[in-house]
**Q** 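Have a look at this one before I ask anything.
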Number of protein chains: 2
Amino acid sequence: MDIMHRGELLELLKAVADETRLKMVGLMHQQERTVTEMAGLLELTEPTISHHVSKLHNVGFLRLRMAGTQRFYQLNEIRLAKFKAYINTIEALPEESAAEKSDDSWINALNWGDDDKKILRIYTRNGKLLKLPLKDKHMVVVSRWLAMLFQPSIRYSEKEVNAILTQIHGDYATLRRSLVEYGFMRRERGGGDYWLTPENESGK
Amino acid sequence: MDIMHRGELLELLKAVADETRLKMVGLMHQQERTVTEMAGLLELTEPTISHHVSKLHNVGFLRLRMAGTQRFYQLNEIRLAKFKAYINTIEALPEESAAEKSDDSWINALNWGDDDKKILRIYTRNGKLLKLPLKDKHMVVVSRWLAMLFQPSIRYSEKEVNAILTQIHGDYATLRRSLVEYGFMRRERGGGDYWLTPENESGK
DNA sequence: ATTAAAATTAGATAATCATCGAAGTTTAGA
DNA sequence: TCTAAACTTCGATGATTATCTAATTTTAAT
């Protein structure tokens, strides 16, 4: 798997090095929680909790399930396990190499309309998703981009799909569902492999 | 050993969730470093590095060796290992019980002069050392207090002494040496057990 | 005693960020 | 189409803190 650089571990540490967020991690362990629920328990306002949820979610510490007007957040145990594993190398973290520093030129290289490029720029940096879009329109654009990570005519197991998407954002499950929901990928009825839908193979 | 509460782990996380300090952790791994040296390497001023060293040292992440006007800091691997171990319980940390919340009344109960009590209050909170005193006079007062953690006429192995002192501050080695240096404890020539010096048994 | 080196402390500034109230968005249902 | 609930976003505020310069302390050496 990929190596963790100092900058990445730093982001995870910052996400968790806050009293309120540390409490929230405890609350979202082994059960789903809504923003309103946590606001009540911690005696803070909903905007404040929403702010913290966003910080935790953006680094992939949370999984999200949407149901009606509610959003159920829960700890992403896999991401957390990775964090714990990387902590063990905290004294010996490699520098970020210059090559992989801030580069968004890949967006320009896309054969897309300017509007879509602008949207993509909102949510990505260095080829990673900073946060998940809320607006449907934006999520479609992001999903179209994600579809480019897969090869035409190839069948992927769920595990493989997750492995690819987790490079982009910790909440790979939400990304995977969006790919299917917006028609960029299909899967066999009742579960099984995934593959690109033909009309989207070109990424446009 | 003792249980780690949320507040304690939070302190450790905050100490390490900073870009400069994370770099410093790397620098002080497997070798001693001085403030001036790190200031040069990180291109920051000495006061800035001193500030960060203090944050790391206060939570016990560093060991200190003094030599002339220089202070050599190095990672306290034991404390770091403990931190790594506790990270594994991050989702399920207990609250701090009300009983162990902010209580400094124990200082008043001491049969000491007001000046010494005042000094002790500078460096301690809730029975723990916030930071190590620099002034000799202050360190003597702190050492006299530390001596009260031991029983008269009992011999302690170095391991036992360390176990007791580590409850007070992560840099137990410095504390242990101070106890001997200021005459509150003695040890056999050439190493071996420690014991309280008789004239200090009463803690005064 | 003076001086020099290393480190810390004091005080100031600027940036970051947790929190809030108000306003906007999305979804479900009447 | 209107309303209500859940959540997010916006804009503002206050607290924290990383960093600096200047001043102080500590130790060693001349």
Side-chain angles (χ1 to χ4, degrees), chain A residues 10-11 13-24 28 32-59 62 64-73 122-123 130-140 174 178 181, chain B residues 10-11 13-24 28 32-59 62 64-74 122-123 130-140 174 181:
Chain A
L10 183 60
E11 276 189 0
L13 284 170
K14 279 186 170 170
V16 110
D18 172 88
E19 183 173 359
T20 300
R21 289 197 289 273
L22 203 50
K23 286 180 184 170
M24 289 169 63
M28 290 182 285
E32 296 180 321
R33 302 280 193 175
T34 65
V35 170
T36 305
E37 190 182 359
M38 290 189 280
L41 289 169
L42 299 178
E43 300 185 315
L44 291 167
T45 66
E46 275 137 4
T48 299
I49 300 297
S50 191
H51 163 75
H52 289 306
V53 157
S54 149
K55 291 223 161 188
L56 288 171
H57 194 205
N58 289 347
V59 297
L62 303 184
L64 164 62
R65 181 172 69 86
M66 295 173 62
T69 71
Q70 293 183 90
R71 292 157 182 277
F72 292 91
Y73 291 97
I122 297 174
Y123 297 100
L130 291 179
K131 53 183 296 190
L132 301 190
L134 284 177
K135 296 184 205 292
D136 256 33
K137 187 167 176 296
H138 291 187
M139 196 58 178
V140 169
T174 297
S178 296
E181 183 180 355
Chain B
L10 182 61
E11 276 188 2
L13 285 169
K14 280 187 170 168
V16 111
D18 173 87
E19 183 173 0
T20 300
R21 288 196 289 272
L22 203 51
K23 285 180 184 168
M24 289 169 62
M28 290 183 284
E32 296 179 320
R33 301 279 193 177
T34 65
V35 170
T36 305
E37 190 181 1
M38 291 189 279
L41 289 169
L42 299 177
E43 299 184 317
L44 291 167
T45 65
E46 276 138 4
T48 298
I49 300 297
S50 191
H51 163 77
H52 289 305
V53 157
S54 147
K55 290 223 162 192
L56 289 171
H57 193 206
N58 289 345
V59 297
L62 303 185
L64 164 62
R65 180 173 69 87
M66 294 173 63
T69 71
Q70 290 184 92
R71 301 160 114 75
F72 292 91
Y73 291 98
Q74 184 167 3
I122 297 173
Y123 297 101
L130 291 178
K131 54 184 297 191
L132 302 190
L134 284 177
K135 297 184 204 293
D136 257 32
K137 187 167 174 295
H138 292 188
M139 196 59 176
V140 169
T174 297
E181 184 180 355

**Q** Whole Å only: how far is the CE atom of A:Met66 from the C1' atom of D:dT8?
**A**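 Result: 11 Å.
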
**Q** Please give, in whole Å, the distance from D:dT17 C1' to A:Asp18 CG?
**A**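 In whole Å, D:dT17 C1' lies 14 Å from A:Asp18 CG.
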
**Q** I need a per-nucleotide contact map over nucleotides 4-9 of chain C, read 5' to 3'. Cutoff is protein heavy atoms under 4.0 Å; write B for the base, S for backbone only, - otherwise.
**A** -BSSBB

**Q** If I take atom CE in residue A:Met24 and atom C1' in nucleotide D:dC7, what distance separates them, rounded to the nearest angstrom?
**A**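 Interatomic distance, CE of A:Met24 to C1' of D:dC7: 13 Å.
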
**Q** Is the phosphate of C:dT19 approached by A:Thr45 (side-chain N or O, under 4.0 Å from OP1 or OP2)?
**A**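 A:Thr45 to C:dT19 OP1/OP2: no side-chain N or O under 4.0 Å.
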
**Q** Can you measure B:Leu44 atom CG to D:dT21 atom P for me and round it to whole angstrom units?
**A**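 Whole-Å distance recorded here is 11 Å.
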
**Q** I would like to know whether B:Arg71 and B:Leu64 meet side chain to side chain contact (heavy atoms under 4.5 Å, CB included); could you show each step before the answer?
**A** CA-CA 7 Å; B:Arg71 301 160 114 75; B:Leu64 164 62; 3.7 Å; yes

**Q** Taking only residues two or more places apart in sequence, or in another chain, which ones meet A:Glu11 in a salt bridge (Lys or Arg N to Asp or Glu O under 4.0 Å)?
**A**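 With neighbours one apart ignored, the set is empty.
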
**Q** Classify A:Lys55 by what it touches in the nucleic acid, base, sugar-phosphate, or nothing, heavy-atom distance under 4.0 Å.
**A**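 Sugar-phosphate contact only - A:Lys55 comes under 4.0 Å of backbone atoms but never of a base.
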
**Q** Evaluate the side chain to side chain contact (heavy atoms under 4.5 Å, CB included) criterion for residues B:Gln74 and B:Arg65: first the C-alpha distance (whole Å), next the side-chain angles of each, then the deciding distance (0.1 Å), finally the verdict.
**A** CA-CA 8 Å; B:Gln74 184 167 3; B:Arg65 180 173 69 87; over 6 Å; no

**Q** When you measure from the side chain of A:Ser178 to the backbone of A:Thr174, do you find a donor-acceptor pair of N or O atoms at a distance under 3.5 Å?
**A**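 Answer holds: yes.
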
**Q** Could you state the NE2-C1' distance from A:His138 to D:dT8, rounded to the nearest angstrom?
**A**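 It is 14 Å, rounded to the nearest whole Å.
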
**Q** If we ignore angles and hydrogens, is there a donor and acceptor under 3.5 Å between the side chains of A:Tyr123 and A:His138?
**A**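 Yes, because at least one side-chain N or O of A:Tyr123 sits under 3.5 Å from a partner of the opposite role on A:His138.
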
**Q** What distance do A:Met28 atom CE and A:Met38 atom CE have between them, rounded to the nearest 0.5 Å?
**A**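 Interatomic distance, A:Met28 CE to A:Met38 CE, rounded to 0.5 Å: 4.5 Å.
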
**Q** Can you tell me how far NE2 of A:His52 sits from CD of A:Glu19, rounded to the nearest 0.5 angstrom?
**A**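 Spacing of CD (A:Glu19) from NE2 (A:His52) equals 10.0 Å.
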
**Q** For A:Glu43 and for A:Ala67, locate the closest nucleotide of DNA chain C by heavy-atom distance; then report the residue assigned to the nucleotide nearer the 5' terminus.
**A**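 Its nearest nucleotide being more 5', the pick is A:Glu43.
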
**Q** Using whole Å, what does the distance between atom P of nucleotide C:dT26 and atom CE of A:Met139 come to?
**A**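 To the nearest whole Å, that distance equals 14 Å.
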
**Q** Could you check how far CZ of B:Arg65 sits from P of D:dT27, rounded to whole Å?
**A**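 Value for this atom pair: 16 Å.
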
**Q** Between C:dA15 atom P and B:Glu19 atom CD, what is the distance in whole Å?
**A**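 Taking atom P of C:dA15 as the reference, CD of B:Glu19 is at 17 Å.
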
